[in-house]
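Inspection log for the structure reproduced underneath, given as structure tokens.
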Amino acid sequence: MLDEHLAVRAARHHRELRQRRATIRKTIDLIIGTFCLERGHSLLHDDHDFEPMATHLGLVVA
């Protein structure tokens, strides 16, 4: 699931969210969200850590 490209994108997402004063508490949540963004998947979740990704990065949540 995680390769070099996805790791770099996740780091960029982390920096972008921090600039917007949003914090993702768990690295794995950032990786999962980035995976979904990169692959065009929607994410079914019950974790408020994904909400900033939906709001600021366009993550589609179900």
(message) To the closest 0.5 Å, what do you measure between CG (Leu17) and CG (Leu30)?
(response) 7.0 Å
(message) Suppose the criterion is salt bridge (Lys or Arg N to Asp or Glu O under 4.0 Å): which pairs have a residue in residues 51-62, not counting sequence neighbours?
(response) none
(message) Taking Val8 as the starting point, is it possible to reach Leu59 by hopping between hydrophobic residues whose side chains are less than 4.5 Å apart?
(response) no
(message) Hydrophobic clustering (ILVMFWY, side-chain heavy atoms < 4.5 Å, transitive) - are Ile28 and Phe35 grouped together?
(response) yes
State, with a plain yes or no, whether a side-chain heavy atom of [X] is found less than 4.5 Å away from one of [Y].
X: Asp29; Y: Asp47; value: yes
X: His13; Y: His56; value: no
X: Arg9; Y: His14; value: no

(message) Using the ring-ring contact (aromatic ring centres under 6.0 Å, His included) criterion, which residues pair with His45? Sequence neighbours excluded.
(response) Phe50
If you look at every heavy atom in [X] and [Y], which pair is closest and at what distance?
X: Cys36; Y: Ser42; value: SG-O, 4.4 Å
X: Met53; Y: Ile24; value: CG-CD1, 4.0 Å
X: Ala54; Y: Val61; value: CB-CG1, 4.2 Å
X: Ile32; Y: Leu43; value: CG2-CD1, 4.1 Å

(request) Look at Arg20 together with Glu16 and state whether they make a salt bridge at an N to O cut-off of under 4.0 Å. (result) yes
